[in-house]
Amino acid sequence: MNTLKQAKIGETVRVVKVHGEGAIRRRIMDMGITKGVTITVRKVAPLGDPIEINVRGYELSLRKADAEMIETE
């Protein structure tokens with residue numbers, strides 16, 4: 001299983017599934033990260049947290065823990 005956390009800078013991936021439960025999963029989905037959407041990794045902070053991505057035409061920063069819940073291909 002590949003996750004968004006494993007994606008490299010400049011790589012474009014497609015979301016297969018959003019893992020997690022309850023409020024955490026809902027928050028990720030409210031940000032526009034849903035099944036089938038494409039995500040481009042723009043930047044990664046020096047220590048790996050947070051990750052800046054481009055999703056649905058806007059830029060978004062995610063924590064590593066949240067990126068780990070997003071299964072990609």
Side-chain angles (χ1 to χ4, degrees):
M1 176 179 92
N2 292 332
T3 64
L4 183 58
K5 179 184 170 190
Q6 297 166 331
K8 306 291 182 217
I9 296 172
E11 190 175 353
T12 299
V13 296
R14 191 170 63 85
V15 177
V16 175
K17 185 175 181 181
V18 178
H19 296 276
E21 295 180 14
I24 296 169
R25 182 171 188 225
R26 171 57 43 200
R27 186 172 54 84
I28 291 171
M29 293 176 77
D30 285 346
M31 289 187 271
I33 302 171
T34 56
K35 182 178 177 180
V37 75
T38 58
I39 295 174
T40 304
V41 179
R42 305 230 341 148
K43 299 178 195 170
V44 178
L47 297 176
D49 201 13
I51 300 168
E52 186 178 306
I53 61 172
N54 189 309
V55 58
R56 297 183 189 256
Y58 69 95
E59 293 171 2
L60 176 68
S61 291
L62 281 179
R63 293 180 291 196
K64 263 194 301 192
D66 293 342
E68 213 166 20
M69 289 187 232
I70 301 167
E71 184 179 340
T72 63
E73 65 177 11

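Since we're looking at a predicted model, the values are computed, not measured.
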Closest approach of [X] and [Y], non-hydrogen atoms and distance?
X: A67; Y: I51; answer: CB-CD1, 3.8 Å
X: K8; Y: V41; answer: O-CB, 3.5 Å
X: G32; Y: V37; answer: O-CG1, 4.0 Å

More than 12 foreign heavy atoms under 6.0 Å from CZ of R63: is that the case here? no
Taking atom CD1 as the centre, does I24 end up with more than 12 heavy-atom neighbours from other residues, nucleotides or ligands that are less than 6.0 angstrom away? no
Rounded at 0.5 Å granularity, tell me how far [atom1] in [X] sits from [atom2] in [Y].
X: I70; Y: N2; atom1: CD1; atom2: CG; result: 13.5 Å
X: T72; Y: K5; atom1: OG1; atom2: NZ; result: 13.0 Å
X: E59; Y: E52; atom1: CD; atom2: CD; result: 5.0 Å
X: T34; Y: I28; atom1: OG1; atom2: CD1; result: 12.0 Å

For K17, side chain to side chain contact (heavy atoms under 4.5 Å, CB included) partners two or more places apart: H19, E71
Below 4.5 Å, heavy atoms only, C-beta onward: do I33 and I53 meet side chain to side chain? yes
Side chain of D49, backbone of K64: donor and acceptor closer than 3.5 Å? yes
List the steps and the verdict of side chain to side chain contact (heavy atoms under 4.5 Å, CB included) for Q6 and V13. CA-CA 10 Å; Q6 297 166 331; V13 296; over 6 Å; no
Any chance you could lay out the side chain to side chain contact (heavy atoms under 4.5 Å, CB included) test for V55 and V15, step after step, and finish with the verdict? CA-CA 11 Å; V55 58; V15 177; over 6 Å; no
Side chain to side chain contact (heavy atoms under 4.5 Å, CB included), that's the test. Do L4 and D66 meet it? Break it down for me. CA-CA 9 Å; L4 183 58; D66 293 342; over 6 Å; no
